[in-house]
Amino acid sequence: MQVKLKIFRYNPEVDKKPHYDKYEVEADPTDRVLDLLEYVKGNFDGTLSFRRSCAHGICGSDAMRINGRNRLACKMLVKELGTDKILVEPILGLPVIKDLIVDMEPFFANYRSVLPYLINDEPPPKKERLQSIEERERFDDTTKCILCACCTTSCPSYWANEQYVGPAAIVAAHRFIFDSRDRAGAERLRILNDQFGVYRCHTIFNCTEACPREIQVTKAIGEVKRAIATGKIE
Amino acid sequence: MSSRPAPQIGFSFEYMMWIFTRLSGLAMFLLSFIGFAGAFWLGARMYLTNNSFVDIGALARWTFFPNPNHVVNTNIPDVAVGWANAWWQIMQITILFLGTTHGMNGLRVVIEDYIDRSWLRTLLRGLIFLLWIFVMLFGIYVIQAS
Amino acid sequence: MALKRNVGLKGMKYRGGGPMLAWALHRISGLAMVLFVGMHIVASFVMQQFGSDWATNLNIIYESTYFQLIIIFLVYFHAINGMRIILLDFWPKLLEYQREATWLQWMLLIPMYGLTAMVMMLIKLGGE
Amino acid sequence: MNNYHQFDVVVVGAGGAGLMAALYASKTASTAVLSKLYPTRSHTGTAQGGVGAALGNIEEDHPEWHTFDTVKGSDYLGDQDAIEFMCYEAVQAVYELEHYGLPFSRTADGRIAQRPFGGHTNNVTGKPVSRACYAADRTGHMILQTLYQQCLKNNVNFFDEYQVVDVLIENGAAAGVIAIELASGEMHVFHAKAVIFATGGHGRIWEITSNAYSFTGDGPAIVMRRGVPLEDMEFFQFHPTGIYRLGILITEGVRGEGGVLINDKGERFMEKYAPTVKDLASRDVVSRAMYLEMREGRGIGGKRYLYLDMRPETVNKYAALDGRKRPDGSPYVVTGEELLAKLPDIVDFARTYLGVDPVTQMMPVQPTAHYAMGGIPTNKYGEVVIDEKNTVMPGLYAAGECACVSVHGANRLGTNSLLDLIVFGKHAGLRAAEYSQGADFQKLPADPTEFARQQFEAIRNSDGDEKAYVIGNEMKSVMFDEVGVFRTEQGMNLALEKVRELRERLKRVRRPDPGKIFNTEVINIWELGNLLELAEVTTISALARTESRGGHAREDYPKRDDANWLKHTLAWWDHGQVRLGYKPVVITKYQPKERVY
Ligand SMILES: Cc1cc2nc3c(=O)[nH]c(=O)nc-3n(C[C@H](O)[C@H](O)[C@H](O)COP(=O)(O)OP(=O)(O)OC[C@H]3O[C@@H](n4cnc5c(N)ncnc54)[C@H](O)[C@@H]3O)c2cc1C
Ligand code: HEM
Ligand code: SF4
Ligand code: F3S
Ligand code: FES
């Protein structure tokens with residue numbers, strides 16, 4: 001089938017303002033949007049720039065806005081868009097460096113601010129630390145995060161204010177707060193109990209809807225809110 | 001295996017306002033039911049017996065703010081008396097307090113969504129606080145005076 | 001240079017769907033209520049104290065049917081949506097069913113508001 | 001100079017191997033990690049099935065069995081001292097990952113869960129053994145995240161999106177690397193006492209591949225241009241179960257949980273080729289069996305794919321036929337939910353890319369290029385060795401898929417790569433830090449960026465009418481057809497000619513993006529150059545080896561030939577010409593035997 005691609009373009013070395021370029025390409029319904037971008041880059045315009053690596057939705061490189069929603073280009077098949085018009089734009093809320101490439105540093109800075117690593121100073125046993133199947137299940141959902149930023153950059157609260165740590169950072173915190181082997185949950189809750197922590201979340205759900213890993217992001221945030229409210233990690 | 005240290009509830013301002021917003025929302029819901037029932041008991045049902053439609057605009061006003069003014073402005077005679085006692089005044093003042101605090105805090109939240117930590121924040125918080133005091137005072141006066 | 005982080009109103013073009021719309025309405029309705037209730041209280045105060053014309057007129061506008069139609073919609077919406085948020089906040093498990101919750105909320109709101117509006121319009125047209 | 005940096009140790013690559021090396025090196029030495037991708041985008045994150053270690057949490061198992069299985073899996077080409085080292089270190093390494101916070105799936109008694117994987121057997125009964133420690137089907141993702149998190153905790157210096165394009169070697173020792181900062185297009189000099197390469201594989205040479213766009217073999221190509229040989233490049237693993245046409249991997253864990261391969265006639269054909277372990281034979285064996293089936297017209301609908309069937313009814317049927325038991329002795333029976341819980345991502349891939357629900361439908365699969373057994377030659381401490389006598393080059397280290405220790409020999413067993421990363425990544429890091437304590441910085445040449453700059457200027461100034469995209473596709477298809485699962489002299493000669501032609505054509509690509517900031521086009525052309533050189537080395541090494549062994553299967557020489565070929569290939573890049581040499585395989589306990597599964 002023939003599809004009409006409209007792609008956001010901005011080259012800081014020549015453009016003052018961004019613009020959109022249009023391409024018509026022949027596509028298979030099972031093609032990924034990423035395949036189309038590669039095709040455009042390879043055949044029409046080599047300057048088109050975007051990040052990608054794994055091409056099957058697991059590395060988190062290619063978050064972009066496809067027809068107005070945050071998606072991974074490699075996980076979005078043409079047939080699922082249900083239209084032959086495809087609009088591709090960079091994710092919102094981060095500075096655009098070139099075309100579809102945004103500066104991810106503010107996103108990672110927020111991630112780092114919630115102590116996203118296991119903290120447990122007790123000397124470990126000789127073998128593994130034990131953890132029951134239920135305890136492991138408790139935080140399974142949030143271990144899936146690939147830091148693609150689809151969630152954070154779909155959140156109107158994050159658009160409003162980049163100091164909001166954002167759903168991805170809260171997901172990372174959740175993964176450790178609810179890990180029975182971790183000992184710094186209280187510390188993380190203290191960090192998130194702040195003007196720019198969980199209270200900037202107004203349960204807008206764009207994050208959950210955007211997450212390519214199908215993580216229940218809002219639920220994770222809700223559980224963190226509740227842990228703060230009740231003083232219990234359960 | 002030792003267990004995780006339990007977190008302390010950190011009573012930050014943001015936390016308390018968050019809780020307050022939820023609780024006051026719930027409370028207003030509850031109070032509105034009481035107001036609604038009261039409105040029926042004291043006057044609205046007259047319409048029904050008169051084979052006429054309930055003036056829902058008025059009913060809603062009575063529900064949220066059972067103020068004799070609101071009642072007087074309607075064409076139901078002699079029911080204003082029913083509202084003119086201490087119980088309904090306390091009801092009104094509670095709703096007034098919850099509503100304005102909830103609402104003014106909401107205003108603060110909305111504004112602070114869009115600004116950073118700065119002197120501006122302090123200033124706006126001050127202004128909203130003043131506004132809150134004024135509206136509350138005016139409101140209580142109106143209730144008392146009617 | 002990189003383009004500045006600039007979302008502004010462009011963000012509202014994001015296709016967030018039902019819950020995002022609900023949030024926007026909740027915010028608008030909350031702010032509108034603060035404004036109107038605040039205004040109304042102040043106006044009533046001025047009216048009682050000084051009996052001034054503009055305050056009386058304000059209250060008359062405020063109590064007009066069309067104005068009430070808007071306000072009631074906002075109140076209903078805010079109350080029901082607020083209830084949804086509170087429930088979801090207290091029982092995060094329910095957040096998995098947010099899609100259903102959003103539907104349910106509109107299914108409650110539309111008949112409730114429809115009935116109210118109909119009655120109000122009938123009264124208005126009936127010339128009472 | 002703004003673009004000059006000095007560190008004791010520079011790690012190139014932030015996948016499992018690079019992060020593990022950085023974590024250990026940074027304990028005692030100033031360490032920088034350079035990566036062309038954000039660390040969490042590295043390919044380690046895609047690994048699904050598990051990491052091999054004989055913990056014995058499910059059933060009896062021993063590092064010694066693991067050693068033997070690996071030797072046998074390697075078709076006796078692996079160096080047995082290194083294999084033994086790895087398999088014995090494995091147990092501690094996995095516990096260490098757990099202590100770092102890795103969320104392994106758990107057994108009922110709270111221990112790390114394990115599942116069977118191809119080629120891993122109980123050495124007494126010959127039956128598959130549960131040795132792969134897993135976290136659902138996201139083991140690599142968890143390893144990558146956990147290691148990155150620990151690096152953050154330990155304040156490792158990261159240079160994200162810095163593409164290394166050259167290594168500096170002075171007085172026969174490593175002196176640093178040259179990298180391009182993608183965001184600015186500037187070249188940076190990293191002056192270092194020790195350099196560790198951990199850049200991953202080069203599976204993008206082939207058309208159907210499970211490998212990421214970033215797997216362009218930069219590390220091997222860079223060191224090769226500086227005179228370091230590459231080892232065993234003819235050995236490349238083709239994984240049996242890639243999604244038809246896309247190549248996306250369906251983990252061997254599916255067959256570990258009881259899934260089976262089915263041909264057009266509905267037969268479980270692996271019974272014919274590996275009577276004992278059947279679908280869990282080692283990968284080279286299964287891939288070849290699939291090719292033979294398809295060649296005889298038993299591909300589905302005569303096409304070039306077969307079905308992978310993990311529907312519970314099929315799994316249970318064959319488990320009953322095999323007499324498979326759970327550890328507690330009860331018969332092995334699964335439900336749809338159980339499979340969903342153990343293989344959630346696979347189910348998601350199948351739904352997204354195939355529109356198939358694997359719990360109720362079969363998945364079309366075909367062999368897919370997967371893993372480079374060959375690479376930069378090292379010893380078991382990650383030190384790069386540069387000749388037939390295993391002479392160490394001071395200050396240069398390699399670990400992970402880009403290195404060849406060699407523990408995988410002619411064919412890697414599933415789960416041994418993640419193990420390779422953590423064991424040899426750790427030791428490379430430790431060694432490099434130790435070395436940097438006693439060594440001095442080598443003096444840099446007057447113009448350190450010259451060699452790299454020349455390469456890039458040539459690309460930027462190119463002014464022909466060729467498209468790199470087309471050249472890349474031609475390379476992939478000829479390599480997949482002629483230097484794939486089965487190889488012949490004639491076919492490989494054809495491929496060689498083609499690859500050489502493409503290398504010439506690459507010099508005449510149309511003028512690329514002239515900009516500096518995120519100039520991915522110029523970078524992609526440079527990467528394609530690496531792939532073409534590695535494709536040539538692969539083909540030449542393969543042409544020379546006139547036998548079949550592990551992943552290298554020749555139709556004109558179908559037998560393994562231990563008398564002549566029980567040796568490692570070394571390939572040097574001499575001004576565009578490939579020169580071959582050989583070195584012996586280390587054999588300690590296990591004499592080569594015929595390999596049957
Ligand atoms: C789909 C799939 C599934 C797999 N499943 C398993 C499994 O179940 N079990 C198992 O044991 N193995 C598995 N493997 C194999 C294993 O995952 C890989 O071999 C291993 O992850 C490679 O790790 P690495 O650290 O060497 O490289 P990577 O993790 O790929 O890291 C390479 C790093 O090098 C960087 N880099 C590359 N070039 C440059 C350059 N020029 N300059 C700077 N940085 C550079 C990249 O940015 C990246 O950070 C699987 C592989 C694939 C593809
Ligand atoms: C039944 C009555 C009400 C309920 C259940 C309710 C509930 C809520 C809840 C739960 C919130 C928080 C939303 C969030 O965190 O995203 C909220 C916000 C708010 N409410 Fe109410 N509320 C009620 C009545 C009112 C009234 C009467 C006013 C005005 C006077 C008001 C004004 C606001 C404002 C301004 C906000 C902030 C909006 C925002 O943050 O987007 N509410 N309400
Ligand atoms: S939570 Fe989901 S959307 Fe957000 S960064 Fe992680 S994977 Fe991406
Ligand atoms: S979109 Fe934003 S407001 Fe909360 S629910 Fe998600 S973080
Ligand atoms: S390319 Fe890896 S997630 Fe899309």
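Proteins get letters first, then strands, A, B, ... in listed order; numbering begins at 1 in each. Quick caveat, the model's predicted, so the values are computed rather than measured.
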Contact class of [X] relative to chain C, heavy atoms under 4.5 angstrom:
{"X": "B:Tyr114", "result": "side chain"}
{"X": "B:Asp113", "result": "side chain"}
{"X": "B:Leu131", "result": "neither"}

Test ring-ring contact (aromatic ring centres under 6.0 Å, His included) applied to C:Phe36 - qualifying residues, sequence neighbours left out:
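With neighbours one apart ignored, the set is C:Phe67.
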
Less than 6.0 Å separating the ring centroids of C:Trp91 and C:Tyr97?
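No; C:Tyr97 has its ring centre 6.0 Å or more from that of C:Trp91.
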
Do B:Phe129 and B:Trp132 have ring centroids that are under 6.0 Å from one another?
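They qualify: ring centres under 6.0 Å apart.
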
In terms of ring plane angle, is the pair C:Phe73 and C:Phe77 parallel, tilted or perpendicular, where the classes change at 30° and 60°?
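Parallel: the ring planes of C:Phe73 and C:Phe77 meet at under 30°.
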
At a heavy-atom distance under 4.5 Å, which candidate from B:Thr100, B:Val135, B:Val110 has the highest pair count against chain C?
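Sorted descending by pairs with chain C, the first entry is B:Val110.
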
